[in-house]
Visitor: 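One structure, pasted below without further comment.
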Amino acid sequence: MTIRAKRRPFLFGIAGLPILAGLLLSSPAHAQAQLQPKRGGTLQAIVQPEPVVLTNAYNTSFPIGVVATNIFDGLITFDEQQRPQPSLATSWTVSDDGKTITFKLRQGVKWHDGKEFTSADVQFSAMEIWKKIHPRGRNTFAAITSVDTPDKYTAVFRLSHPSLVIFSSLNANEGQILPRHLYEGTDILKNPYNLKPIGTGPFRFKEWQRGQYIVLERNPSYWEPNKPYLDRLIFRVIPDASSRAAALESGDAQYAPFDQVPLSDVKRIAALPNLAISLDGYAWQSAYVFLEFNLRNPVLQNIKVRQAIAHAIDKQALINTVWYGLGKPATGPIPSSLKTFYTADGVPQYNFDPAKAEKLLDEAGYPRKADGVRFRLNQEYQNFHETFKNNAEFIRQALKRVGIEVTIRNRDIAGHLKAVYTDHDFDINTGRWVPTLDPEVGSFRHYWSKAIATGVPWTNASGYNNLKFDKLIESIQVEPNAKKRVELFHQFQRLAETDLPVIPLIEQANFTVYNKAVHGLGKAPDAALSSLKNVWLDQ
């Protein structure tokens, strides 16, 4: 029986986005359906912030994925209905007990250095990368005990238990296949091919001028006939948001995923004759904006302090003033767009109530001192673009009103990751997380004690450790019954908001700005983090 017959498609919807709803132009897929692709040309894209490496093997920051998924492939991809489709794997079967998955691999695929892609690459990637150093892989692929390679074109995953989550994460962004012959026996985190990657994807790495641009060129030996259409991709690094908007308006840049223009400019840009805005391609992530506590700080170990901070933040005002209406208040660690798994029933909520916040802080033993300050915290934030800085400032001001003095630390992404995940030098950490199609992938790692991994980004940085929560997470991981698994996810949301190591603030809406000369952009759930092999230019 194939996995396609066994799994139901995930369901998504976008709610709470009244501002963008009236701005979006016709979907590119519908408007361009009758046009014939043209070959050649260079697509000028924007990636910001600049990636720190060019593989998602151990760092899943979205700027890396924007570039790297053009270089690497996964075993599968997704269609617009969020169903798995062949990529490096041409087919797969699942045993009746759900504990064996057999992949038949595409033959004749070459790495960019000319070596043949085989099942040995899949085995190495699964066992040495996904399970050991991938930030989410410790959770997602925990059930894989071994990968057998009976021949060059067959990879057999042996599982300790049925695992419904695996197929949500075998795409090029989440389950990249890396070349065994270049990584085996090396320190993977320091391997030089992280900066000059060799993949099987539609584009080959050509050049990286730090702080300026990354150049990829068409792979003439790509396994999919006649793809890609473009000759070259240039990902430009443009730190200033107004400069990014100007580049798009002038045509110097033609494609910019992940909110690369100021939110205040969205309405104006959507009305320009040469540009369009799309929400397509982000459902795989279902991102939300969060505030994470460092529970190593004795002050923040007090649940009343965490509850007070939650009550001190007006989520709707945050959306209106910082995010320009692009989002909705979050009720827990699973966004409402993940309709299969989401619930608000019985999930504790912390409505905006500064008076209650002040009362809780008094009860916690932190009264205002003579200067009006109860205690001081430092805030780290993910400096992806200006809005995240504004988000941090909004939180600083909100907490100041209840007597908590917050210092914001402005760092680049590399500095932020070191401070939070290596040095644990923070009190509160703000930014965005992505649960993905199946929230087992992206949600557990922030709550599961076994996901505490010093030096590995996007893991459990808070130090939260709760045996009851660990057991709940581990029950979800092995539950073969989809209905029972959903109920366990409901319990997960209730316990997460009861213990509150993290405050989910808002459900974020991402968008892409593109020039109308750009055709072939996808509508799949992960299109913003998948290759541009179908893209072509009409100019």
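Numbers for residues simply follow the sequence, beginning at 1.
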Visitor: Quick check for you: to the nearest 0.5 Å, what is the distance between Asn320 atom CG and Leu326 atom CG?
Guide: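 Rounded to the nearest 0.5 Å, the CG-CG separation comes out at 10.5 Å.
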Visitor: Under 3.5 Å, is there a donor-acceptor pair between the side chain of Lys315 and the main chain of Pro504?
Guide: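 A pair under 3.5 Å: yes.
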Visitor: Would you call Arg374 and Glu358 a salt bridge, using N to O less than 4.0 angstrom?
Guide: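 Result for this pair is yes, salt bridge flagged.
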Visitor: Start with the C-alpha gap between Phe72 and Asn56, add the side-chain angles, then the distance that decides, and say whether side-chain contact (heavy atoms from CB on, under 4.5 Å) holds.
Guide: CA-CA 9 Å; Phe72 296 98; Asn56 295 82; over 6 Å; no
Visitor: In the structure I gave you, are the side-chain heavy atoms of Val305 and Leu360 within less than 4.5 Å of one another anywhere?
Guide: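 Val305 vs Leu360: side chains apart.
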Visitor: Quickly, which of His161, Met127, Arg158 forms a side-chain contact (heavy atoms from CB on, under 4.5 Å) with Thr145? Name it, please.
Guide: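 So, applying the side-chain contact (heavy atoms from CB on, under 4.5 Å) to Thr145 and each of His161, Met127, Arg158, only Arg158 qualifies.
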Visitor: Quick one: pull up CG in Leu505 and CD1 in Ile313 and give me the separation to the nearest 0.5 Å.
Guide: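 The CD1 atom of Ile313 is 5.5 Å from CG of Leu505, to the nearest 0.5 Å.
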Visitor: Write down the atom of Glu479, the atom of Asn481, and the distance for their closest heavy-atom approach.
Guide: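 For Glu479 versus Asn481, the nearest heavy atoms are OE2-N, 2.9 Å.
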Visitor: Is Asp499 close to Tyr447 at the side-chain level, that is, under 4.5 Å between some pair of heavy atoms?
Guide: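 Side-chain contact under 4.5 Å: no.
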Visitor: Aromatic rings Phe258 and Phe62: how do their planes relate, parallel, tilted or perpendicular, breaks at 30° and 60°?
Guide: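 Rings of Phe258 and Phe62: parallel, as their planes differ by under 30°.
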Visitor: Between His416 and Phe426, is any pair of side-chain heavy atoms under 4.5 Å apart?
Guide: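 The answer is no, as the side chains (C-beta and beyond) never meet within the 4.5 Å cut-off.
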Visitor: May I have the step-by-step check of side-chain contact (heavy atoms from CB on, under 4.5 Å) for Ile64 and Val53, ending in yes or no?
Guide: CA-CA 7 Å; Ile64 300 172; Val53 293; 3.8 Å; yes
Visitor: To the nearest 0.5 Å, tell me how far Asn466 CG sits from Leu495 CG.
Guide: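 Taking CG in Asn466 and CG in Leu495, the distance rounds to 5.5 Å.
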Visitor: Can a donor-acceptor pair be found, under 3.5 Å and without considering hydrogens, that links the side chain of Ser87 to the backbone of Gly74?
Guide: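 Here the side-chain-to-backbone pair exists.
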Visitor: Salt bridge or not for Asp371 and Arg376, using N-O below 4.0 Å?
Guide: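 Looking at Arg376 together with Asp371, the answer is yes, because their closest N to O distance falls below 4.0 Å.
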Visitor: Charged N to carboxylate O under 4.0 angstrom, Arg432 versus Asp259?
Guide: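 No.
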Visitor: Do the rings of Phe384 and Trp458 sit parallel, tilted or perpendicular, given the 30° and 60° boundaries?
Guide: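 Correct class here is tilted.
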Visitor: Decide whether Ser462 and Asn460 meet the rule of one side-chain donor and one side-chain acceptor closer than 3.5 Å.
Guide: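 Per modelled atom types, Ser462 and Asn460 side chains form a pair under 3.5 Å.
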Visitor: Sub-3.5 Å donor-acceptor pair from the side chain of Ser286 to the main-chain atoms of Ala283, do we have one?
Guide: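 Checking the backbone N and O of Ala283 against the side chain of Ser286, a donor-acceptor pair under 3.5 Å is found.
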Visitor: Give the minimum heavy-atom separation between Ala126 and Phe157, together with the two atoms involved.
Guide: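 For Ala126 versus Phe157, the nearest heavy atoms are CB-CZ, 4.4 Å.
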Visitor: Quick one: list whatever passes ring-ring contact (aromatic ring centres under 6.0 Å, His included) with Phe444, sequence neighbours left out.
Guide: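 Checked Phe444 against ring-ring contact (aromatic ring centres under 6.0 Å, His included); matches are Phe489, Phe492.
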Visitor: Keeping the roles fixed (side chain from Thr102, backbone from Thr93), state whether a donor-acceptor pair exists under 3.5 Å.
Guide: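 No, because the side chain of Thr102 does not come within donor-acceptor range (under 3.5 Å) of the backbone of Thr93.
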Visitor: So Phe290 and Trp433, would you call those rings parallel, tilted or perpendicular, with 30° and 60° as cut-offs?
Guide: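 Correct class here is parallel.
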Visitor: Please enumerate all residues that pass side chain to side chain donor-acceptor pair (under 3.5 Å) together with Lys304, with sequence neighbours excluded.
Guide: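 Glu363.
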Visitor: Using side-chain contact (heavy atoms from CB on, under 4.5 Å), reason through Asn294 and Ile428 one step at a time and then give a plain yes or no.
Guide: CA-CA 6 Å; Asn294 187 348; Ile428 56 177; over 6 Å; no
Visitor: Carefully, step by step, assess Leu295 and Arg306 under the rule side-chain contact (heavy atoms from CB on, under 4.5 Å).
Guide: CA-CA 10 Å; Leu295 300 180; Arg306 303 199 298 275; 3.8 Å; yes
Visitor: Is a side-chain donor-acceptor pair under 3.5 Å present for Asn390 with Trp323?
Guide: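 Note: Trp323 and Asn390 side chains miss the donor-acceptor criterion.
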Visitor: Check salt bridge (Lys or Arg N to Asp or Glu O under 4.0 Å) between Asp353 and all other residues, then give those that pass, not counting sequence neighbours.
Guide: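 Salt bridge (Lys or Arg N to Asp or Glu O under 4.0 Å) list for Asp353, sorted by chain: empty.
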Visitor: Does the pair Arg401 and Asp314 meet the rule for a salt bridge (charged side-chain N to carboxylate O under 4.0 Å, His left out), with working shown?
Guide: CA-CA 12 Å; Arg401 295 187 187 100; Asp314 186 340; over 6 Å; no
Visitor: Tell me the closest heavy-atom pair linking Pro298 and Tyr366, and the distance in Å.
Guide: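 Between these two residues, the closest heavy atoms are O-OH, 4.4 Å.
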Visitor: Is any side-chain N of the basic residue among Lys359 and Asp362 closer than 4.0 Å to the acidic one's carboxylate O?
Guide: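 Between Asp362 and Lys359 there is no salt bridge, as every charged N stays at least 4.0 Å from the carboxylate O atoms.
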Visitor: To the nearest 0.5 Å, what is the distance between CG on Leu399 and CD on Gln397?
Guide: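 Rounded to the nearest 0.5 Å, the CG-CD separation comes out at 10.5 Å.
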Visitor: If only side-chain N and O atoms count, and only distance matters, is there a donor-acceptor pair under 3.5 Å linking Asp427 with Asn378?
Guide: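 The criterion, which ignores hydrogens and geometry beyond distance, is satisfied for Asp427 and Asn378.
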Visitor: With heavy-atom distances below 4.5 Å as the criterion, would you say the side chains of Ser336 and Glu507 are in contact?
Guide: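 Sidechains of Glu507 and Ser336: in contact.
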Visitor: Between the main-chain N or O of Pro63 and the side-chain N or O of Ser61, is there a donor-acceptor pair closer than 3.5 Å?
Guide: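 Not a single qualifying donor-acceptor pair exists.
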Visitor: So, Arg396 and Glu393, do they make that salt bridge, N to O below 4.0 Å?
Guide: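 Salt bridge present between Arg396 and Glu393.
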Visitor: Working to the nearest 0.5 angstrom, can you tell me the gap between Lys328 NZ and Gln508 CD?
Guide: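 Spacing of NZ (Lys328) from CD (Gln508) equals 14.5 Å.
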Visitor: For the residue pair Thr436 / Glu174, report whether a side-chain donor-acceptor contact shorter than 3.5 Å exists.
Guide: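 No - no donor-acceptor pair under 3.5 Å links their side chains.
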Visitor: If every non-hydrogen atom of Trp284 is compared with every non-hydrogen atom of Ser168, which pair is closest and at what distance?
Guide: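 Looking at all heavy atoms of both residues, the closest pair is NE1-O, 3.1 Å.
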Visitor: Do the side chain of Tyr350 and the main chain of Glu497 share a donor and acceptor less than 3.5 angstrom apart?
Guide: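 Yes, because the side chain of Tyr350 sits within donor-acceptor range (under 3.5 Å) of the backbone of Glu497.
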Visitor: How about Val486 and Thr340: do any of their side-chain heavy atoms sit closer than 4.5 Å?
Guide: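 Yes; the side chains approach each other to less than 4.5 Å.
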Visitor: Please lay out, stage by stage, how Thr387 and Tyr324 fare under the test side-chain hydrogen bond (donor to acceptor under 3.5 Å, both in side chains).
Guide: CA-CA 10 Å; Thr387 306; Tyr324 286 83; over 6 Å; no
Visitor: Could you tell me if the side chain of Thr454 sits less than 4.5 Å from the side chain of His424, heavy atoms only?
Guide: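 Answer yes - side chains close enough.
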Visitor: How close do Pro135 and Thr459 get, heavy atom to heavy atom, and via which atoms?
Guide: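 Taking Pro135 first and Thr459 second, the nearest heavy atoms are O-CG2, 3.7 Å.
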Visitor: Please report the shortest heavy-atom distance between Ile188 and Glu128, naming the atom on each side.
Guide: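 The pair with the smallest heavy-atom distance is CD1-O, 4.0 Å.
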Visitor: Are the aromatic ring centres of Tyr58 and Trp130 under 6.0 angstrom apart?
Guide: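 Between Tyr58 and Trp130, the centre distance exceeds or equals 6.0 Å.
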Visitor: Drop me the distance from Glu405's CD to Phe375's CZ, to the nearest 0.5 angstrom.
Guide: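 So the CD of Glu405 and the CZ of Phe375 are separated by 11.5 Å.
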